[in-house]
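Below is one structure, written out as structure tokens; comments come after it.
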Amino acid sequence: MKRFFRITPFRGATFFSTMLQYEQTAKITMQNSEKKPKSILHIDMDAFFVSVETVINPKLKGKQVIVGGPIEGRGVVTSASYQAREKGVHSAMPMVAAKKLCPNAIFLTGSHHLYSDFSRRIMEIMERYTPAVEQVSIDEAYLDITGCLRLHRTKYPFVIANSIHETIANEIGVPCSIGIATNRVTAKIAANLAKPNGVLEVYPDCESAFLSPLPVRKLPGVGPVAEKEYKKLGIREIGDLLKFDPAVLTRVLGKQAEQCAKRAGGESSKDQAESNFLSQERDTAKSIGKEITYSVDTGDPEILAATLAYLSERVAGRMRKAGLSFRKVTLKLRYADFDTYTRSKTINLPTSDPSVIYRTARALLTSLDKKRQKIRLIGVTVSTLTKPDPQINLFDQAENEDKKRKLLNSIDETRERYGFTSIMSARWLGHSQLR
DNA sequence: TCTGGGGTCCTAGGACCC
DNA sequence: TCTGGGGTCCTAGGACCC
């Protein structure tokens, strides 16, 4: 009898029997360990972008809907309705291929602003239940509800999970799936298995029984490459990982395997760091970048230079908004044959000056662009980010820097109000395809 | 059927210092 | 003439996630 997990479909009868089951396993757990098990939720929106579009336009409900880039512009799928998925459409698939599979689907390019706004409202709902919310992407978050069960007058984590599930559905109109477990990895996997629109709880002490029969590919961090490597060792299921000496796995497959072995046992490094949930300062970005795939490959140096100017401005704008400076600039090129190269350069003193990004990227482009081929993609990323230290500025530089900063800030404000292209650097004026 | 764009983290070699 | 070991920084590439 499978006792260790249950999908709760929000009906009174099953709800009650689930409570009885929980009571039983929880009792056993209490006897086995002194400490109360943690209750971690992983909440993940179902087909998020498509769901938001459906809230805006209810006529889309139940149809094949695909959100992604423009078909002519080499776009890919970012979100597909379950009706489209039935036909084999999935995210990251070229839009052209999706169109072949679903010729009559509704294709949308989507609006990131809209999705961010929905995301913010959804996170606000979660924060009503616990302050320990850690958002990990636009449509998913971890919640630690261990400390607030009593506040919500229940012993049962799934009571809170169900309430969150219903509140998001009622107030926002977007379906989600929730995994409940004593640690993050198991909660995340449970949420995935609960899709769509389900809640799945893995009871305390049942983690490895739940995880063992699942394919290793289900473990977060195991992609196609790692899966292949594991297969060579005869590892197919998560349980197989436990049969190996972690030291052997680490030697053969590196640090990644070490993590996986731990996760297979239902442990994740982040579980220890409680501070992750309640840390005051949201960890600052490690890098900020922007890249563009041309709709037609180009070898025109003027277009390339204009694009670099544009990318540098975009990156610098976001960096200033975050109040950061960089030391490293990375240029990325992808040629027509899809071969991809990066070149980077670290400068001595941190700055947020877009012209430094541009000049550095230009120099890197000169050093890299030797292949006699047209370019498909070009990108600029800044990293080694720091909060600018005012003391670094020498006195005579300070005034200059201050003027520059004021100018750049006013540029940012204007763009905020009237859109990015309201103020354009002369270099990319006239290259309308960048808009 | 022709492969986006935003990221994070890990590896590995070489330079340089002690 | 042959040649240590540890630490840190820089660079390039690649796996993976959403």
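We use all heavy atoms of the structure for the numbers below, so side chains are in, but hydrogens, waters and symmetry mates are not. Order of the sequence lines fixes the chain letters, A, B, ..., with proteins taken first and strands second; residue numbering starts at 1 for each chain. Please read these numbers as outputs of a predicted model, since none were measured by experiment.
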- Message: Categorize R327(A) for me: base, sugar-phosphate, or nothing, with a 4.0 angstrom heavy-atom threshold over every strand shown.
- Response: sugar-phosphate
- Query: Atom CZ of F49(A) to atom P of dG6(B): distance rounded to whole Å?
  - Reply: 13 Å
- Is any side-chain N or O of R74(A) closer than 4.0 Å to OP1 or OP2 of dT3(B)? yes
Pairs: protein N or O with nucleotides 9-14 of chain B N or O, under 3.5 Å:
unit_1: dT11(B); atom_1: OP1; unit_2: K255(A); atom_2: N; d: 3.1

- Message: Check this for me: K218(A), atom NZ, are more than 12 non-hydrogen atoms of other residues, nucleotides or ligands nearer than 6.0 Å?
- Response: no
- Starting at atom CD of E72(A), determine the distance to atom P of dC2(B), rounded to an integer number of angstrom. 14 Å
- Classify the nucleic acid contact of Y341(A) as base, sugar-phosphate or nothing, counting any heavy atom under 4.0 Å across all strands shown. sugar-phosphate
- Item | Strand partner of dG13(B), provided both Watson-Crick or wobble distances fall under 3.5 Å | dC10(C)
- Query: If you draw the axis of the six-membered ring of F338(A), does the NZ or CZ of R334(A) fall within 45° of it and under 6.0 Å from the ring centre?
  - Reply: yes
- Would F338(A) pass as stacked on dT3(B), i.e. its ring centre under 5.5 Å from the base's six-membered ring centre and planes under 30° apart? yes
- Query: Between atom CD1 in I138(A) and atom C1' in dG5(B), what is the gap in whole Å?
  - Reply: 13 Å
- Note on the structure: To the nearest angstrom, the CG-P distance between D46(A) and dC18(C) comes to 14 Å
- Using a 4.5 Å cut-off on heavy atoms from C-beta on, say whether the side chain of Y203(A) contacts that of E201(A). yes
- Going by heavy atoms closer than 4.0 Å, what residues in residues 221-233 of chain A are next to DNA chain C? G221(A), V222(A), G223(A), P224(A), V225(A), A226(A)
- Task: Could you measure between the two P atoms, the one in dT1(B) and the one in dC17(C), and give it in whole Å?
- Result: 27 Å
- Note on the structure: Sorted by chain and residue number, the side-chain contact (heavy atoms from CB on, under 4.5 Å) partners of E171(A) (sequence neighbours excluded) come out as I125(A), R128(A), T167(A)
- Should dC18(B) form a Watson-Crick or G-U wobble pair with both distances under 3.5 Å, which nucleotide is its partner? dG5(C)
- Task: Give a yes-or-no answer on whether the side chains of E72(A) and S295(A) include a donor-acceptor pair shorter than 3.5 Å.
- Result: no
- Please confirm whether the backbone N or O of R217(A) pairs with a side-chain atom of E227(A), one donor and one acceptor, at under 3.5 Å? no
- Query: Side chains of N197(A) and H165(A): donor-acceptor distance under 3.5 Å anywhere?
  - Reply: yes
- Message: Heavy atoms only, 4.0 Å cut-off, all strands: where does T78(A) land among base, sugar-phosphate and nothing?
- Response: base
- Query: Please give, in whole Å, the distance from dG5(B) C1' to I378(A) CD1?
  - Reply: 15 Å
- Between T346(A) and R327(A), does any side-chain donor sit less than 3.5 Å from a side-chain acceptor? no
- Query: Expressed in angstrom and rounded to an integer, what is the separation of H112(A) atom NE2 from dG4(B) atom C1'?
  - Reply: 12 Å
- Task: Pick base, sugar-phosphate or nothing for G289(A), based on heavy-atom distances below 4.0 Å to the nucleic acid.
- Result: sugar-phosphate
- For the side chain of V76(A), counting heavy atoms from C-beta on, which of dC18(C), dG4(B), dG5(B) is nearest? dG4(B)
- Base, sugar-phosphate alone, or nothing: which one does A92(A) contact when heavy atoms must sit under 4.0 Å apart? base
- Message: Roughly how many Å apart are dG4(C) and dC16(B), using the C1' atom of each and rounding to a whole number?
- Response: 16 Å
- Scan side-chain atoms only and decide if E166(A) and S163(A) contain a donor-acceptor pair under the 3.5 Å cut-off. no
- Query: So what does K188(A) touch, heavy atoms closer than 4.0 Å: a base, only the sugar-phosphate, or nothing?
  - Reply: sugar-phosphate
- D297(A) CG to dG4(B) P, straight-line distance once rounded to whole Å: 11 Å
- Query: Looking only at side-chain N and O atoms, does R334(A) come under 4.0 Å of OP1 or OP2 in dT3(B)?
  - Reply: no
- Message: Regarding K328(A), tell me which of base, sugar-phosphate or nothing describes its non-hydrogen contacts under 4.0 Å with the strands shown.
- Response: base
- Which residue lies more 5' along DNA chain B, comparing L377(A) with A97(A) via nearest heavy atoms: A97(A)
- Once you round it to whole Å, what is the distance between C1' of dC18(C) and CE of M45(A)? 14 Å
- Any side-chain donor paired with an acceptor under 3.5 Å for D353(A) and S355(A)? yes
- Distance-only donor-acceptor check, side chains Y115(A) and E53(A), under 3.5 Å: yes
